[in-house]
Amino acid sequence: MPELPEVEIATRNLRSWLAGERLTRVELPSSRVLRGVAPEALSKLLAGKRVETLERRGKWIRLALSGGAVLHSHLGMTGKWVLRDRSDGPQKYERARFDTRRRSVRYLDPRLFGRLLASPHGEPLAAWDALGPDPLVDGIDARVLGATLARTRRSIKEALMDQSVLAGVGNIQAAEALWRARIHPQLAADRLARDPAAVRSLARAILASIEFTLRDEAGPEITYVEEPGARNPFKVYGRAGEPCPRCSASLKRIVQGGRSTVFCARCQRRSALTSGGGCATRRRT
DNA sequence: AACGGAACCTGAAAGC
DNA sequence: TGCTTTCAGGTTCCGT
């Protein structure tokens, strides 16, 4: 279940597998992932084309093909791109297969929240165009972020998950960044925006969490933290009831906007413009 | 216009 | 043991 770091890793992998290669075989079994697109039309559009460039913005991947067609991939909650042998048959939950002369790349997606969308002539994708700044592609300008946050009264946690605020931040990265910046997830975004130092701290924390996750998860085949047997590399996500890695208080779980947030009620402060939080230790993570 | 909640799916884990 | 409930990191749509 991918956020920015997982999609970045998928993009790098796909680039190393497909960039410059011609698609010799394309298989697209009909599924919800195609969202109303006729599978045959899409296969026909892609087969024989060369993959020229791959880029990521937020949680979207864009593949530019020879001849001007563009393919957009969103991994939803359970999508992943993996490398298999060309002699391997269909994998469990396989929704797409792209073979080149040397490789066989498969898209697997059990829950079918992912999407594969084609623009035959490179037509823009509204969801891509609506994305806010991407922390890795564009960096985070704390003044711009502050101005954006000042425009909403929602909680900072919910605001961070809005893809027009920062592209690619999801439930895990939002929770992790807020913990790193010692900001309470229920603090109103516009209140936080009144404290430029706190916004700068949050911007740094978002980048630090993304980069930490990238280093931790990089590899040819990602295991998402929710999958059975997966280890959990995160500081607070999925750790309700465990001790805070910084101050040892028991981590709490609350629900915001229908999604769970884990945080430390002792060292994440509820109000901007007040120092405190009762946590004296400062440890690099 | 902005926001909250339900809907979209399947599978694993927890609860009874 | 087996059935039921809950939960999961995505977006979108609909009603207020």
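The structure presented is a predicted model; accordingly, all values stated were derived computationally and were not measured. Naming: A, B, ... by sequence-line order, numbering from 1 per chain. Heavy-atom basis, side chains included; hydrogens, waters and symmetry copies ignored.
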Expressed in angstrom and rounded to an integer, what is the separation of [X] atom [atom1] from [N] atom [atom2]?
| X | N | atom1 | atom2 | result |
| --- | --- | --- | --- | --- |
| A:Leu75 | C:dT11 | CG | C1' | 13 Å |
| A:Asp162 | B:dA2 | CG | C1' | 10 Å |
| A:Arg253 | C:dG9 | CZ | C1' | 13 Å |
| A:Asp109 | B:dC8 | CG | C1' | 12 Å |
| A:Met161 | C:dA8 | CE | C1' | 13 Å |
| A:Leu34 | B:dC8 | CG | C1' | 16 Å |
| A:Glu227 | C:dG9 | CD | P | 14 Å |
| A:His72 | C:dT11 | NE2 | P | 15 Å |

Would you mind checking if [Y] and [X] are paired as a salt bridge, meaning a charged N to carboxylate O distance below 4.0 Å?
| X | Y | result |
| --- | --- | --- |
| A:Glu176 | A:Lys235 | no |
| A:Arg57 | A:Asp129 | no |
| A:Arg106 | A:Asp88 | no |
| A:Asp216 | A:Arg231 | yes |
| A:Glu6 | A:Lys80 | no |

Distance between the [atom1] atoms of [N] and [M], in whole angstroms?
| N | M | atom1 | value |
| --- | --- | --- | --- |
| C:dT4 | B:dC9 | P | 22 Å |
| C:dT11 | B:dA12 | P | 24 Å |
| C:dT1 | B:dG11 | P | 22 Å |

Ignoring backbone atoms, establish whether [X] has a side-chain N or O less than 4.0 Å from OP1 or OP2 of [N].
| X | N | result |
| --- | --- | --- |
| A:Arg35 | C:dT11 | no |
| A:Arg32 | B:dC9 | yes |
| A:Gln163 | C:dT11 | yes |
| A:Ser260 | C:dA8 | yes |

message: To the nearest 0.5 Å, what is the distance between CG on A:Leu149 and CG on A:Leu166?
response: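 Spacing of CG (A:Leu149) from CG (A:Leu166) equals 8.0 Å.
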
task: Using a 4.0 Å heavy-atom cut-off across all strands, classify A:Thr78 as base, sugar-phosphate, or nothing.
output: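 No contact at all - A:Thr78 keeps every heavy atom at 4.0 Å or more from the nucleic acid.
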
- prompt: Within the structure shown, what part of the strands sits under 4.0 Å from A:Gly258 by heavy-atom distance: base, sugar-phosphate, or nothing?
  reply: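 The residue A:Gly258 makes no contact with any strand.
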
Short N/O separations, protein against nucleotides 10-16 of chain B, under 3.5 angstrom:
| from | atom 1 | to | atom 2 | distance (Å) |
| --- | --- | --- | --- | --- |
| B:dG11 | OP1 | A:Tyr93 | OH | 2.7 |

query: Is A:Tyr224 reaching over with its side chain to a backbone N or O of A:Gly79, donor-acceptor style, under 3.5 angstrom?
result: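 Checking the backbone N and O of A:Gly79 against the side chain of A:Tyr224, a donor-acceptor pair under 3.5 Å is found.
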
query: So, the side chain of A:Asp134 versus the backbone of A:Gly58: is there a donor-acceptor pair under 3.5 Å, distance only?
result: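 It does hold such a pair.
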
query: Same hydrophobic cluster for A:Phe98 and A:Val7, using side-chain heavy-atom links shorter than 4.5 Å among ILVMFWY?
result: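 As far as the 4.5 Å side-chain criterion goes, A:Val7 and A:Phe98 are connected within one cluster.
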
message: Tell me if the side-chain of A:Arg154 makes a donor-acceptor pair with the base of B:dG4, cut-off 3.5 Å, by modelled atom types.
response: no

- prompt: Is there a donor on the side chain of A:Glu6 or the base of C:dG9 sitting less than 3.5 Å from an acceptor on the other?
  reply: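 Present.
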
query: Among A:Ile172, A:Thr261, A:Val262, which residue meets the side chain to side chain contact (heavy atoms under 4.5 Å, CB included) test with A:Val236?
result: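 Only one option passes, and that is A:Val262.
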
- prompt: Once Watson-Crick and G-U wobble pairs under 3.5 Å are found, how is DNA chain B written in dot-bracket notation, 5' to 3', with | for any base paired to another strand?
  reply: .|||||||.|||||||

query: More 5' along DNA chain B: A:Arg153 or A:Phe113, using each one's nearest nucleotide?
result: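 Comparing both residues, the 5'-ward one is A:Arg153.
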
